[in-house]
Amino acid sequence: MTKVKEISVNLGRDVKYCMNRFGDRELCVDRMVKAGIAAAANKLGMSIELNSYSVEEDFERNDAVYVDLEDGRRAVVIMTFCEGEWKPYDIWITEIRN
């Protein structure tokens with residue numbers, strides 16, 4: 001069974017809208033990560049346990065959740081904040097290049 005190697009997050013443009021609505025950065029990031037992981041798990045056909053994740057901030061890029069697997073695959077989930085919640089906008093699986 002393939003295991004998760006690392007989960008990372010980019011805080012981009014939409015996180016500002018979430019923080020304006022809820023006023024709590026940690027809550028916004030937590031909600032985005034959980035929604036992104038659920039979408040990645042569905043696309044990969046596996047369960048993903050959230051233990052920890054790293055956060056980067058690049059407001060010029062999209063909000064995204066990256067799930068790196070031990071077998072060299074990466075799920076990329078582009079997130080959007082609309083109607084008061086985080087939703088996956090686009091998702092794909094790619095190979096991690098070293």
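Keep in mind that the numbers below use all heavy atoms, side chains included, and drop hydrogens, waters and symmetry copies. The first residue of the sequence shown is numbered 1, and numbering continues consecutively from there.
- Closest heavy-atom contact between V77 and A39: CG1-CB, 4.1 Å.
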Walk me through whether L11 and V55 qualify under side-chain contact (heavy atoms from CB on, under 4.5 Å). CA-CA 7 Å; L11 303 183; V55 177; 3.7 Å; yes

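- Using a 4.5 Å cut-off between side-chain heavy atoms of Ile, Leu, Val, Met, Phe, Trp and Tyr, with links allowed through other members, Y66 and V29 fall into different hydrophobic clusters.
- Residues A35 and M79 come closest through the heavy atom pair CB-CE, 3.6 Å.
- Residues G36 and V65 come closest through the heavy atom pair CA-CG2, 4.0 Å.
- For Y89, the OH atom counts as loosely surrounded, since its 6.0 Å shell holds 12 or fewer non-hydrogen atoms of other residues, nucleotides or ligands.
- The pair K5-D68 fails the salt-bridge criterion, with no side-chain N (NZ, NE, NH1 or NH2) lying under 4.0 Å from an Asp/Glu carboxylate O.
- Nearest heavy atom pair, residue M32 against residue A64, reads CE-O, 4.3 Å.
- Residues forming a side chain to side chain donor-acceptor pair (under 3.5 Å) with D58 (at least two apart in sequence, or on another chain): none.
- With hydrophobic clusters built from ILVMFWY side chains whose heavy atoms lie under 4.5 angstrom apart, V33 shares a cluster with M19.
- The side-chain heavy atoms of I7 and L50, taken from C-beta on, include a pair separated by under 4.5 Å.
- Looking at heavy atoms from C-beta onward, T80 lies out of side-chain contact with D63 at the 4.5 angstrom threshold.
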Trace of the side-chain contact (heavy atoms from CB on, under 4.5 Å) decision for K3 with D71: CA-CA 8 Å; K3 293 185 179 183; D71 67 3; over 6 Å; no

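- Residues satisfying the side chain to side chain contact (heavy atoms under 4.5 Å, CB included) test with N62, not counting sequence neighbours, are R13, I78.
- One hydrophobic cluster, built from ILVMFWY side chains closer than 4.5 Å, cannot hold both I37 and V76; they sit in different ones.
- At least one side-chain heavy atom of W86 sits under 4.5 Å from a side-chain heavy atom of C18.
- Looking at every heavy atom in both residues, L27 comes nearest to F22 through CD2-CB, 4.0 Å.
- Each salt bridge (Lys or Arg N to Asp or Glu O under 4.0 Å) pair with one or both residues in residues 14-29, not counting sequence neighbours, appears once here: R25-E57.
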Do I96 and L69 pass the side-chain contact (heavy atoms from CB on, under 4.5 Å) test, and can you show the C-alpha distance, the side-chain angles, and the key distance before you say yes or no? CA-CA 9 Å; I96 300 171; L69 302 176; over 6 Å; no

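- Proximity of I93 to K43: side-chain heavy atoms (C-beta onward) are separated by under 4.5 Å at one or more points.
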With side-chain contact (heavy atoms from CB on, under 4.5 Å) as the criterion, how do K87 and C82 come out once you've worked through the C-alpha distance, each side chain's angles and the decisive distance to 0.1 Å? CA-CA 7 Å; K87 298 178 182 181; C82 65; 3.7 Å; yes

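- Taking each heavy atom of V15 and C28 in turn, the nearest pair found is CG2-CB, 4.4 Å.
- Counting heavy atoms from C-beta on, the side chains of V67 and E6 never come closer than 4.5 Å.
- Between R73 and E95, the closest side-chain pair of non-hydrogen atoms falls below 4.5 Å.
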